[in-house]
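Taking it in order: structure first as structure tokens, then the write-up.
Heavy-atom basis, side chains included; hydrogens, waters and symmetry copies ignored.
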Amino acid sequence: MQRPWISTNLAISADGKISSRDHRPSDWTSEKDFQLLRKLRCGADALLVGRGTVDTDRMTMRVEDQEIQPLRCIVSRHGEMQDDHPIFSTGGGDIHMLATEAYRGSQGDRLQVHEGSLADFLKTLREDLGVEHLHCEGGGQLIRALAELDAIDEFKLTWAGHTILGGKDSPTATGIPGEYLPQSCHYEIREFEADADTGECYLSFSRKQAQS
């Protein structure tokens with residue numbers, strides 16, 4: 001499949017969760033984790049986020065103090081968003097909406113709509129829009145969809161050992177616990193940093209190359 005090189009990042013709690021009823025994905029880790037996120041955005045041609053995460057965190061997907069802004073790509077089932085969402089009133093890269101089913105949104109004049117599968121959208125980003133590096137910021141359901149395609153080349157992870165989120169239905173890095181992936185995805189660790197001040201570990205995993 002022709003696609004961009006894809007990186008992703010998430011923060012997980014001590015028990016492997018990414019959010020809970022009381023904690024949004026963006027409000028329970030340190031300022032250092034937030035700064036690492038901003039750094040990761042700077043190297044991407046496009047950002048990819050699930051609509052639920054964009055809505056919950058009121059994300060603008062803008063990179064501060066950067067002249068050339070990455071494309072802002074949102075994946076949704078039907079493409080419905082609130083008209084007053086800050087992404088529409090904040091400067092940034094062009095907004096592309098993937099509706100995996102029939103588009104029902106009302107912002108067709110403020111974004112470019114694509115209908116079809118995630119695999120088709122990745123191909124469009126690479127071949128038609130020239131995206132070489134795509135960075136995904138979640139949520140877990142979208143990262144699972146990428147993992148099902150075996151399309152994640154680099155995985156950045158903040159392990160926040162200071163917090164236990166709990167909940168059997170609380171999402172993990174690949175969404176709500178459920179069925180196995182079609183196949184395992186294999187990686188090797190590239191970077192590891194433990195920070196006693198923040199109580200967090202910062203890890204980077206790269207796709208493991210097949211043995212020749």
Side-chain angles (χ1 to χ4, degrees), residues 1-10 18-19 24-26 34 37-156 171 173-175:
M1 178 183 67
Q2 189 75 2
R3 62 169 179 82
W5 187 87
I6 299 174
S7 59
T8 189
N9 74 282
L10 277 176
I18 63 174
S19 67
R24 300 185 306 165
S26 63
F34 179 69
L37 167 63
R38 294 183 63 183
K39 184 177 179 181
L40 291 171
R41 286 182 173 183
C42 291
D45 301 309
L47 304 177
L48 182 71
V49 184
R51 184 194 57 82
T53 300
V54 171
D55 281 349
T56 299
D57 287 352
R58 304 291 284 175
M59 296 174 69
T60 64
M61 300 172 68
R62 172 179 170 80
V63 180
E64 297 296 333
D65 303 321
Q66 182 166 303
E67 182 177 356
I68 300 176
Q69 292 288 320
L71 301 180
R72 297 179 286 181
C73 304
I74 303 169
V75 178
S76 175
R77 185 169 296 174
H78 298 293
E80 297 161 311
M81 293 187 66
Q82 297 177 341
D83 288 329
D84 64 350
H85 194 287
I87 197 170
F88 297 122
S89 57
T90 303
D94 291 343
I95 305 171
H96 292 261
M97 170 69 74
L98 170 64
T100 57
E101 299 181 14
Y103 177 69
R104 298 178 185 171
S106 59
Q107 295 90 18
D109 58 336
R110 305 161 82 178
L111 50 77
Q112 184 171 338
V113 177
H114 307 259
E115 292 184 346
S117 69
L118 178 59
D120 289 340
F121 185 54
L122 296 179
K123 183 177 180 180
T124 296
L125 289 176
R126 182 66 187 92
E127 296 185 351
D128 299 343
L129 297 173
V131 174
E132 295 184 1
H133 178 190
L134 176 66
H135 184 65
C136 177
E137 297 182 357
Q141 185 175 350
L142 177 55
I143 289 179
R144 179 183 176 89
L146 290 171
E148 287 177 345
L149 296 173
D150 195 12
I152 301 174
D153 298 292
E154 184 177 61
F155 205 114
K156 299 279 189 179
T174 52

**OP:** Please test Ser7 against Leu40 for side chain to side chain contact (heavy atoms under 4.5 Å, CB included), starting from the C-alpha separation and ending with a verdict.
**Re:** CA-CA 9 Å; Ser7 59; Leu40 291 171; 6.0 Å; no
Subject >> Sequence neighbours excluded, every pair satisfying ring-ring contact (aromatic ring centres under 6.0 Å, His included) that has a member inside residues 70-109 >> reply: His96-His114
**OP:** Decide, yes or no, whether a salt bridge links Arg3 with Asp153 under the criterion of side-chain N to carboxylate O below 4.0 Å.
**Re:** yes
**OP:** Might you point out which heavy atoms bring Gly50 and Ile74 nearest each other, and give the distance in Å?
**Re:** C-CG2, 4.4 Å
Original post:
For Ile87 and Met59, what are the C-alpha separation, side-chain angles and deciding distance, and is it a side chain to side chain contact (heavy atoms under 4.5 Å, CB included)?
Top reply: CA-CA 7 Å; Ile87 197 170; Met59 296 174 69; over 6 Å; no
Subject >> Residues Arg51, Glu80; criterion salt bridge (Lys or Arg N to Asp or Glu O under 4.0 Å); working and verdict >> reply: CA-CA 8 Å; Arg51 184 194 57 82; Glu80 297 161 311; over 6 Å; no
**OP:** Say whether Gln66 and Arg38, considering side chains only, have a donor N or O and an acceptor N or O under 3.5 Å apart.
**Re:** no
**OP:** List the atom of Cys136, the atom of Ile143, and the distance in Å for their closest heavy-atom pair.
**Re:** SG-CG1, 4.0 Å
Original post:
Does Gly139 offer a backbone N or O that forms a donor-acceptor pair with the side chain of Thr53 under 3.5 Å?
Top reply: yes
Original post:
Which heavy-atom pair separates Asp83 from Ser106 by the least distance, and what is that distance?
Top reply: OD1-OG, 3.3 Å
Original post:
Does the Gln69 side chain pair with the main chain of Val63, one donor and one acceptor, at a distance under 3.5 Å?
Top reply: yes
Subject >> Check: Leu125 and Cys73 side chains under 4.5 Å, non-hydrogen atoms >> reply: yes
Subject >> Non-neighbouring partners of Glu148 that pass salt bridge (charged side-chain N to carboxylate O under 4.0 Å, His left out), sequence neighbours left out >> reply: Arg144
Original post:
Side chains of Gln107 and Gln82: does their closest heavy-atom pair fall under 4.5 Å?
Top reply: no
Original post:
Going through the checks in order, is the side chain to side chain contact (heavy atoms under 4.5 Å, CB included) test met by Leu98 and Thr124?
Top reply: CA-CA 11 Å; Leu98 170 64; Thr124 296; over 6 Å; no
Subject >> Of Leu10, Leu37, Leu48, the residue whose pairing with Glu137 passes side chain to side chain contact (heavy atoms under 4.5 Å, CB included) >> reply: Leu37
**OP:** Mind listing the closest non-hydrogen atom pair of Met61 and Val49 along with its distance?
**Re:** CE-CG2, 3.7 Å
Subject >> Test item: Leu71 and Leu129 side chains (from C-beta on) under 4.5 Å apart, heavy atoms >> reply: yes
Original post:
If you measure from CZ on Arg110 to CE on Met97, what distance do you get to the nearest 0.5 Å?
Top reply: 11.5 Å
Original post:
Does the side chain of Arg126 come within less than 4.5 Å of Val131's, by heavy atoms?
Top reply: no
Subject >> Beyond-backbone contact of Pro70 with Asp45, side-chain heavy atoms, under 4.5 angstrom >> reply: no
**OP:** Could you tell me whether a side-chain N or O of Arg72 sits under 3.5 Å from a main-chain N or O of Asp94, the two making a donor and an acceptor?
**Re:** no
Original post:
Strictly by modelled atom types, are Thr8 and His135 linked by a side-chain donor-acceptor pair under 3.5 Å?
Top reply: no
